[in-house]
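See structure below.
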Amino acid sequence: MLEIKNLCVQLEEEDKQILKGVNLSLEAGKVHAIMGPNGSGKSTLSYVLSGKGGYEVTEGSAHLEGNDILEMEPEERAAAGLFLAFQYPVEIPGVGNMTFLRTAVNSQRKLRGEPEMSAGEFLKVVRAKAKDLKIDADMLKRPVNVGFSGGEKKRNEILQMAMLEPKMCILDETDSGLDVDAMKLVAQGVNALRDGKRTFLVITHYQRLLDHIKPDVVHIMAAGRIIKSGGPELALEVENNGYADLLEETA
Amino acid sequence: MVASSPKVISDRALHDAELISNSGAWAKNARQLASARAQEQGLPQRRDEYWKYTRPDVFVQKNVALIPQACPEIGIFADQMKTEIVFENAKLATHHLPEIDNCKIESLSNASTLDLHWVQDIYGKLELAGQKPVERSLAALNTAMATEGLLVHATGQVSSPIRIHSVSIGITDAVIHHVVKVEAGASVTLIETGQYGARSNVVIEVDVADTGSFHHIRVQDGKESHMLTHIFASIGADAKFKSFTLTTDGKMTRNECILDLVGDNSSVTVAGACLGDSNFHHDDTVFITHDAVNCESRQVFKKVLRNGAVGVFQGKILVKAGAQKTDGYQISQSLLLDEDSQFLAKPELEIYADDVACSHGSTSGAIDEEALFYLRSRGVPEPKAVDLLTLSFIAQAIGEIEDPDLAQAILSYLTDILEAR
């Protein structure tokens, strides 16, 4: 699904290299998790893949189903099936959540040359999906993320994911700022989207989220590289021993 | 009668004299006084502090090259309107003014000869009161020379808004003067759409009695037009005044709003949003005087500018001694979509009471890159994302509109305009 080869990235503004040759191969239908200490480049990886400005790719490649995504605009990547659930979802005052969702869904359809979803059909679908995530009518009407609690913001990200039906979902520290109940709800939302074809890249600091979203593969990232990959047991190892041992091991 | 003054346009003055002598007693008197006032003040000059950011030239010159107008009918408010009055080239095109409950509407041209006491107490009087401390001679000139306008007397709750739609074809030089009186416990909404002329000088005087409520919504979209407007309002106790203006086109627009809070416990709001492109100059000049206890005033202005468009804001809150518990709020913000556009702001507070809360802020900024990326990452193409963020930026000003249906109509209209750009 997503092939990342020797991805090297530095900041545009300053000569500081953040990713130093990341290699990842995510097969369709699998859940991969990336863990790692602060500043290891996890969020940068998610931003570079989704097309945020301010970064310069100096080497390497990233292909989604064989298509070079690094050459695409952010909206083209989205239409190609890439989705990033933000660590800090942005508030957009004055734009209704529903308007935003419908604009996003239909913009993607338009970019793919598909017919737009009618207002009636959209309403039906969004209501059903919102219900599963315990998002009420009021939250759909309110401006995007404005006045939302941390948990509401993250659930809203998952609702967008459910509506946009991406092939490749990147979750950037979706567990940050969530209490246990909110985390379970978000995890349920994600698990409901696991259909054997959709691929997930879950970025997290803690093993906790991975109790709820069971990964197939766990990668440890440090200083801009993947230093170790393994099964779910690797996450438990980190939880028990911290990153220090792993860092020493690979140093 | 009209002394010749080198400062005042001569053929106008001639017309002025004729108009004054043909007016009925009350109007004649008011017009004479205003004429003398304007001549004594002289026309605004570029060196005047009050015209520092906006050149008065196009409003005062005799020979301005006015560009012929063809003003299309706009569909906005189609669902809300039951009462509509149409002006064509600054003349009333609605010959039988609507008769509605709790409100009497007359035309200025007709009523000059009528004996209307309530109008006599307002016409030219509120404008005169608004001449201090800043002279507004073009408003005085308007009082002297206005050829048409509506006199709206609300004596109770007026259920449906009154819409004035004006159509201008050709190069009409319009001088329009409306007078509104809202009696105690009464409420009325006035909506203005279209354009009176290729160049317009419009004055609205509004007297809101104790417990009265006045709402005003205006949509200015005259391409190539020159528009100068003044609202002079006096607001009594426990009363409400709200005005919102959306400007989506126009070469040169200056909207002045002069409000006097003379009764306790009242609230006023002046809000505006504009979308400016290229040859577009838009000036909001507001002067709010708090002369009573426990009143609230809000000024909320949002300007979106691109391709060299210019936005100006001059807003002042004057809190007189004794106007305790005043709550004054003022925000003026611009969204500059490129580096060629500019926003000039002069926020002012002058406070002589010691128990007041006044805040003011002014910002200029570009599109928020984080928000832009967020939208694009969801598949929204960049131009559409910029439109959404533009609506987001303007939303606070639209939020000042009281009636949710009218606010929704403004929002839909704005969305259509953005999509068409």
Side-chain angles (χ1 to χ4, degrees), chain A residues 46-55 69 72-97 99-112 114 142-146 153 156-157 159-161 163-166 169-170 172, chain B residues 244 246 271-275 300-304 331 333-335 361 363 365-401 404-405 407-419:
Chain A
S46 71
Y47 287 145
V48 170
L49 291 174
S50 49
K52 192 180 185 184
Y55 300 100
I69 54 169
M72 299 179 188
E73 297 293 338
E75 54 268 33
E76 293 168 339
R77 301 181 198 203
L82 188 77
F83 181 89
L84 169 66
F86 280 53
Q87 183 180 0
Y88 303 110
V90 180
E91 297 184 4
I92 306 176
V95 176
N97 211 10
T99 307
F100 164 62
L101 272 171
R102 197 164 157 232
T103 306
V105 167
N106 283 334
S107 294
Q108 288 203 12
R109 287 182 168 226
K110 218 169 154 183
L111 282 170
R112 289 195 294 259
E114 298 165 8
R142 269 148 65 186
V144 181
N145 294 325
V146 177
K153 281 184 183 171
N156 202 33
E157 292 293 288
L159 174 66
Q160 290 167 37
M161 192 160 92
M163 287 305 297
L164 295 168
E165 302 182 320
C169 310
I170 305 172
D172 185 12
Chain B
F244 172 87
L246 173 69
C274 78
L275 282 183
V300 180
F301 290 93
K302 303 273 183 163
K303 296 175 197 262
V304 183
I331 184 88
Q333 295 181 301
S334 72
L335 176 61
T363 65
I367 284 277
D368 177 355
E369 289 296 328
E370 281 288 324
L372 187 64
F373 173 62
Y374 188 61
L375 291 170
R376 293 181 71 190
S377 79
R378 296 306 180 243
V380 183
E382 190 171 359
K384 179 85 188 164
V386 169
D387 286 354
L388 277 177
L389 294 175
T390 298
L391 286 174
S392 167
F393 173 76
I394 290 175
Q396 189 197 358
I398 295 178
E400 299 293 333
I401 299 172
D405 291 341
Q408 187 54 48
I410 289 278
L411 191 63
S412 310
Y413 179 65
L414 204 50
T415 308
D416 289 347
I417 285 181
L418 286 169
E419 263 168 25

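Sequence lines set the chain letters: A, B, ... in the order given, protein chains first and strands last, and positions in each chain run from 1. Please read these numbers as outputs of a predicted model, since none were measured by experiment.
With chain B as the partner, the residue from A:Pro143, A:Pro93, A:Gly54, A:Pro89 showing the most heavy-atom pairs under 4.5 Å is A:Pro93. Of the listed residues (A:Gln160, A:Met161, A:Lys52), the greatest number of heavy-atom pairs within a distance under 4.5 Å of chain B belongs to A:Lys52.
For A:Val105, no part lies near chain B; criterion is any non-hydrogen pair under 4.5 Å. When heavy atoms are compared at a cutoff of 4.5 Å, A:Phe100 approaches chain B solely by way of its side chain, counted from C-beta outward. Both the backbone and the side chain of A:Gln108 come within contact range of chain B, with heavy atoms under 4.5 Å apart. Only the side chain of B:Leu389 comes within less than 4.5 Å of a heavy atom of chain A; its backbone N, CA, C and O stay farther away. Both the backbone and the side chain of A:Ile92 come within less than 4.5 Å of a heavy atom of chain B.
The number of heavy atoms from other shown groups lying within 6.0 Å of OH (A:Tyr88) does not exceed 12.
At a heavy-atom separation below 4.5 angstrom, chain A is approached by B:Glu370, B:Ala371, B:Phe373, B:Tyr374, B:Leu375, B:Arg376, B:Ser377, B:Arg378, B:Gly379, B:Val380 within residues 367-380 of chain B.
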